[in-house]
Amino acid sequence: MDAISGSVLLPRVKISGSHRHLSTSHHFSPSCLLARSSISQCCHSSESKESKAIIESSSDSFDKRTSISGRSYLWGPHQKRKPLGQMFCSTGLCTYGVAATESHPHVAEEKVGVLLLNLGGPETLNDVQPFLYNLFADPDIIRLPRPFQFLQRPLAQLISVLRAPKSKEGYASIGGGSPLRRITDEQANALKKALEEKDTYVNVYVGMRYWHPFTEDAVQKIKRDRITRLVVLPLYPQYSISTTGSSIRVLQCLFREDAYLSRMPVSIIESWYQREGYIKSMADLIENELHIFSNPEEVMIFFSAHGVPVSYVEDAGDPYRDQMEECIYLIMQELKARGIKNDHTLAYQSRVGPVQWLKPYTDEVIVELGQKGVKSLLAIPISFVSEHIETLEEIDMEYKELALESGIQNWGRVPALGCTPSFIADLADAVLEALPSATAVSTSKGTSEEVDHSPLGYLTKLFFGSVLAFVLFFSPKMILAFRNHLL
Ligand SMILES: C=CC1=C(C)c2cc3[nH]c(cc4nc(cc5[nH]c(cc1n2)c(C)c5CCC(=O)O)C(CCC(=O)O)=C4C)c(C)c3C=C
Ligand SMILES: [Fe+2]
């Protein structure tokens, strides 16, 4: 899908909000890594200077629910929860600054865009290895200490080649590719329509982090369409460094480098797991599935979230686990208010590689529940709003089989939200609420470090990196770890 275009434009969008000067200038590290050689540079953020430029404006106009987590976080070595600062305006943190009006002084009518960010997935089995390469080349997915960052791409190459056969099996079992692009396009269409029903006419764009349509392509379209105000909506309810954080950092690099884009008012909705519409939509889905069981009140409500390595949360300050727990608390509160008082559990799935991931692990909890005599289980994928390989293969096939082997007799699974009307309507509200707080990216280009772009330097690093990666990955310990966890 290109943009889902709305012919126009904004006389009907009311943009209100107090005008406030943003007093902090923004300095961004140019330490960009070429994560995908074919596309543009993407930031490696851990050194970003603007992590120091924190404005926590106590905006009176901002929704208190959003404020619980309405900020972004930088990760990096020894960093604890560092707000991204004001590279972009994050919903709830600020109102739109003077730059917005100064930069587009002749804009008579706003032309609003909504950019949906998602992970992307391979569409064919041939796409699997290059998709995995893009994923593992992301410094927000494999975090290497600074002196070893030059190994990122050789490592990504190695790991993607090693993992591809297993991943391909998974994608083959769900029809030969990921449904993510199709579903995200459908969500984009539905969101556009939902906004039109609220008298707001926008272009909706889809930007994927690791596969087509790439974020870089979506941004080009936004520029081509002369969008004057943008709301960025990552399709992850909870914020993680590895998902929303990674996508936003790509955007930062793209916007920082472009005069037009850096002046465009932008608002990012960083997390929205606590929105009433989302919570109620999830509760509706759970309630519906519970009714299918013959003994609804005895069913264990089993939330299975995508995991992240423990170090993200404990060392880098990823708010993901906190947001996940709060999200589940809110859903359970909503269910209780409807008279549903079932037991519930949260566990984390889909771990990759030889490091500790958030616990408890989904597979281990399923076995334990079986041993404890739980007979009915309703699995709820909670970290993602589309069907994808980890719902269709991991939950529906692997975990179902494990559950039945472990003594659980009745198995159910809540579908992903997809285009559920109440959910899409809530996303539309989130967009409308975010519009007034859009602010322009700073045009200042503070630099403190330079990246070595010389071809010789690059080739030397690539060569030694490959040798080192090879040695590292074929040491007996690593082979064992890979056999156990990755392959
Ligand atoms: C909130 C959701 C997700 C988080 C957090 C997340 C972190 C994360 N993922 C990997 C490694 C892989 N992820 C893969 C695919 C994949 N992951 C998510 C969501 C989250 N990932 C989605 C939606 C998908 C796409 C699924 C599809 O349908 O295509 C894969 C590839 C599939 C596979 O081989 O298993 C890998 C690998 C890491 C390392 C990580 C955190 C650091
Ligand atoms: Fe993942």
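Counting starts at 1 for both ligands and their atoms, in listed order.
Annotation for ligand 1: atoms under 4.0 Å from non-hydrogen atoms of Phe131 are 31 (C). Taking every non-hydrogen atom of Ile389 and a distance limit under 4.0 Å, the qualifying atoms of ligand 1 come out as 26 (C), 27 (C), 28 (O). When each atom of ligand 1 is checked for a heavy atom of Val308 under 4.0 Å away, the hits are 5 (C). Remark: ligand 1 atoms within the under-4.0 Å shell around heavy atoms of Phe136 are 37 (C). Residue-ligand proximity, Ser178 to ligand 1, at heavy-atom distances under 4.0 Å covers atoms 27 (C), 28 (O), 29 (O). Within the listing of ligand 1, atoms 5 (C), 7 (C), 41 (C), 42 (C) sit less than 4.0 angstrom from a heavy atom of Ser242. Less than 4.0 angstrom separates some heavy atom of Gly121 from each of these atoms of ligand 1: 29 (O). In the vicinity of Ser167, heavy-atom distances shorter than 4.0 Å reach the ligand 1 atoms 33 (C), 34 (O).
Using a 4.0 Å cut-off between charged nitrogen and carboxylate oxygen, Lys221 and Glu216 do not count as a salt-bridge pair. Ion pairing between a basic and an acidic side chain is recognised when a charged N comes within 4.0 Å of a carboxylate O; Lys400 and Glu405 show no such pairing.
In this structure, Phe131 and Trp211 have perpendicular ring planes: the angle between them is above 60°, well past the 30° mark.
The closest non-hydrogen atom to atom 20 (C) of ligand 1, taken over Met324, Gln349, His306, comes from His306. When Leu119, Ile382, Val352, Asn118 are checked for heavy-atom proximity to atom 18 (C) of ligand 1, Leu119 turns out nearest. For atom 35 (O) of ligand 1, the choice among Arg143, Lys166, Arg181, Arg163 with the nearest heavy atom turns out to be Arg163.
Under the 3.5 Å distance criterion, the side-chain polar atoms of Trp357 are left unmatched by any main-chain donor or acceptor of His306. Of the possible donor and acceptor atoms, one in the side chain of Ser160 sits under 3.5 Å from a partner among the backbone N and O of Ala156. A donor-acceptor contact shorter than 3.5 Å is absent between the side chain of Asp140 and the backbone of Ser242.
An N or O contact shorter than 3.5 Å is missing between Tyr320 and ligand 1 by distance. Polar contact with ligand 1: absent for Pro309 (N/O pair, distance under 3.5 Å). In terms of polar-atom proximity, Tyr312 is not counted as a contact of ligand 1, lacking any N or O under 3.5 Å from an N or O of the ligand.
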Salt bridge (charged side-chain N to carboxylate O under 4.0 Å, His left out) assessment of Asp284 paired with Arg338:
CA-CA 10 Å; Asp284 291 345; Arg338 301 178 187 193; 2.7 Å; yes
Checking salt bridge (charged side-chain N to carboxylate O under 4.0 Å, His left out) for the pair Glu433/Arg275: CA distance, chi angles, key distance, verdict?
CA-CA 12 Å; Glu433 288 161 27; Arg275 290 187 63 84; 2.9 Å; yes
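Remark: distances from the non-hydrogen atoms of Trp211 to ligand 1 are all 4.0 Å or more. Heavy atoms of Trp357 come nearer than 4.0 angstrom to ligand 1 in at least one pair.
For the side-chain hydrogen bond (donor to acceptor under 3.5 Å, both in side chains) criterion with Glu123, the lone passing option out of His212, Arg181, Arg182 is Arg181.
With respect to atom 14 (C) of ligand 1, the closest heavy atom belonging to the protein is Glu390 OE2, 3.8 Å. Considering only non-hydrogen protein atoms, atom 11 (C) of ligand 1 sits nearest to Leu135 CD2, 3.7 Å. The shortest contact between atom 32 (C) of ligand 1 and any protein heavy atom is with Tyr171 OH, 3.6 Å. The closest protein non-hydrogen atom to atom 1 (C) of ligand 1 is Ser383 O, 3.4 Å.
Contacts of Leu132 with ligand 1, taken as heavy-atom pairs under 4.0 Å, involve the side chain alone.
Taking the six-membered ring for Trp, Phe423 and Trp272 have ring centres closer than 6.0 Å. A centroid separation of 6.0 Å or more is found between the aromatic rings of Tyr278 and Tyr273.
Residues Tyr399 and Asp363 bring no donor and acceptor atom of their side chains to less than 3.5 Å of each other.
Here the CG-OG1 distance, from Asp426 to Thr420, works out to 11.5 Å after rounding to the nearest 0.5 Å.
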